[in-house]
2 protein chains.
Amino acid sequence: MKNNGASTVRQYPCERCPLQNYPHFQQHEKDEVEFLSGFKMGELVADVGTTVLGEGRSSAHLFTVLSGWAFRYKTLEDGRRQILNYVLPGDLIGLQGSLMKEMQHSVEALSPLVMCMFQRDKLPALFQSYPTIAYDITWLASREEQMLDEILLSVGRRSALERAAYLFAFIYQRAKSVGMVKNNTLMVPLRQQHVADTLGLSIVHTNKTLKKLAAKGALRWLDRGCEVIDHQILLDIAKWQGLPPAPRPYI
Amino acid sequence: MKNNGASTVRQYPCERCPLQNYPHFQQHEKDEVEFLSGFKMGELVADVGTTVLGEGRSSAHLFTVLSGWAFRYKTLEDGRRQILNYVLPGDLIGLQGSLMKEMQHSVEALSPLVMCMFQRDKLPALFQSYPTIAYDITWLASREEQMLDEILLSVGRRSALERAAYLFAFIYQRAKSVGMVKNNTLMVPLRQQHVADTLGLSIVHTNKTLKKLAAKGALRWLDRGCEVIDHQILLDIAKWQGLPPAPRPYI
DNA sequence: CGGCACGTTGAGCGCGATCAACCTCCGTGG
DNA sequence: CCACGGAGGTTGATCGCGCTCAACGTGCCG
């Protein structure tokens with residue numbers, strides 16, 4: 001929950017954007033890259049625990065994550081927290097804050113986070129001059145909505161075990177598409193409290209549910225975070241067929 | 001769940017779009033209205049129970065609801081259903097299907113539904129020629145995401161009673177902004193099964209929860225659907241401050 | 001008239017919450 | 001160097017919200 005664990009640098013020019021390396025991502029035309037170079041203000045680096053964007057604040061910026069993990073969440077007045085979704089490389093954050101008056105959710109870093117920072121004011125100009133990029137932004141907003149649909153289905157209608165299995169299967173697939181899976185294994189930098197707040201469960205019951213998943217050989221809980229070992233078991237438990245593999249844009 | 005309860009007509013020219021009448025909506029410039037006139041293919045009228053858009057199908061169209069109620073939902077393989085959100089006049093449906101390969105959720109009419117139908121193919125042209133409308137579409141997508149965030153928080157972290165109260169307070173506010181509230185009272189055309197599938201509860205428990213809300217004087221359950229009487233009580237029970245009132249676009 | 005959709009109510013059960021210890025690890029300060 | 005405290009994880013006991021089962025009521029439609 002730190003607020004000052006952030007600093008700005010400029011290390012990656014858009015022509016050598018690290019996101020280019022993933023086959024899942026659609027590449028930009030030369031003129032688009034040029035425009036984006038001007039749209040980009042620099043990079044923001046955030047430590048673990050830093051609140052990148054805060055509910056109620058009006059965000060002056062729009063970000064694309066270049067590397068690292070984060071999560072979006074909301075809280076009720078009495079402190080109950082719901083994690084809405086996780087943020088991985090290539091994901092856009094702060095769009096709501098750029099379009100509406102203010103953010104209605106917060107974003108916190110789960111690992112050291114490198115973000116590409118854009119100027120909110122220039123968004124209308126982007127829509128004017130680069131309709132293909134505007135289309136991509138809309139696509140990304142629509143994808144976020146689609147993910148939320150799935151998550152809501154899960155929280156509303158799956159049992160605790162199914163829900164947990166879905167969560168890790170979902171994260172696994174997304175992480176795989178950005179090269180984070182090594183040897184069919186993925187390290188997920190979550191505390192059990194994060195898992196609980198994602199699934200809408202108590203910590204105690206989350207702990208017991210994770211033990212069951214571990215007993216089935218799907219994952220292993222470690223010192224800090226957990227390791228997804230068997231993706232297929234998770235899919236089976238969650239009765240989920242997985243994400244449709246499709247190329248996706250980024251900005 | 002009918003599939004054929006739909007027919008097309010063309011009754012409202014865009015210059016006399018019925019949505020113009022609501023002060024909540026931002027009006028279009030003349031040239032935008034002209035373009036939208038060409039983008040619009042006609043109107044689609046659907047009966048109660050008609051599946052307007054189906055999960056897995058690729059939708060050839062994009063719609064704006066002109067009048068009536070509908071809901072978006074997803075189901076698990078074994079039939080468990082989760083209602084994701086409700087669709088009211090001014091809301092856009094089918095955007096996911098227009099941007100991605102296929103729809104990942106279904107939409108069903110809750111009342112006779114009149115929709116303005118647009119051609120999916122022309123969406124890129126819209127982005128090319130009318131960036132302000134493109135911006136509005138992105139705004140609407142972002143608003144849907146924002147609503148889902150709230151709903152997910154509710155399903156994940158609120159008790160049954162709070163959740164039910166939130167649902168009706170939320171619907172009340174949205175309906176009010178499109179002139180559906182008369183005498184501080186709103187008729188909601190839902191069965192208890194819809195409420196249950198929205199809240200992630202069983203029908204039996206939903207029934208008991210609604211009785212409690214009725215006992216507190218917040219609403220009244222009728223033959224077909226229910227009547228929201230006291231909005232403030234709902235807000236109090238849900239511990240919710242309500243939606244920030246803001247002008248919104250439509251297309 | 002039967003059949004169906006929808007709502008209502010009570011009984012009992014179980015999933016997941018809460019309470020309460022206790023553990024290990026680790027960073028901090030004496 | 002150790003003492004201490006806090007964060008995170010583990011485990012058992014008990015509670016209770018919400019589920020399931022079951023029966024019955026009502027109004028509507030064929």
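Since the model is a prediction, treat every value here as computed from it, not as a measurement. Chain letters run A, B, ... following the sequence lines, proteins first and then strands; every chain starts at 1.
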(message) Between Asp149(B) and Lys74(A), does any side-chain N to carboxylate O distance fall below 4.0 Å?
(response) no
(message) In the structure I gave you, are the side-chain heavy atoms of Ser106(B) and Arg57(B) within less than 4.5 Å of one another anywhere?
(response) no
(message) Any carboxylate oxygen within less than 4.0 angstrom of a Lys/Arg side-chain nitrogen, looking at Asp91(B) and Arg174(B)?
(response) yes
(request) Give me the first and last nucleotide of DNA chain D, going 5' to 3', that has any atom under 4.0 Å from a heavy atom of chain B. (result) dG18(D) to dC21(D)
(request) Report yes if the side chains of Glu150(B) and Tyr166(B) come closer than 4.5 Å at any heavy-atom pair, otherwise no. (result) yes
(request) For residues Phe71(B) and Asn85(B), determine if any side-chain heavy atom of one lies less than 4.5 Å from a side-chain heavy atom of the other. (result) no
(request) Treat primed atoms plus P, OP1 and OP2 as sugar-phosphate and everything else as base, then score nucleotides 8-16 of chain C 5' to 3': B for base contact with protein heavy atoms under 4.0 Å, S for sugar-phosphate contact only, - for none. (result) BBBB----B
(message) Taking side-chain contact (heavy atoms from CB on, under 4.5 Å) as the criterion, tell me which of Leu186(A), Val228(A), Leu88(A) meets it with Ile171(A).
(response) Leu186(A)
(message) I'd like to know if Glu227(B) and Arg220(B) make a salt bridge, using a cut-off of under 4.0 Å between side-chain N and carboxylate O.
(response) yes
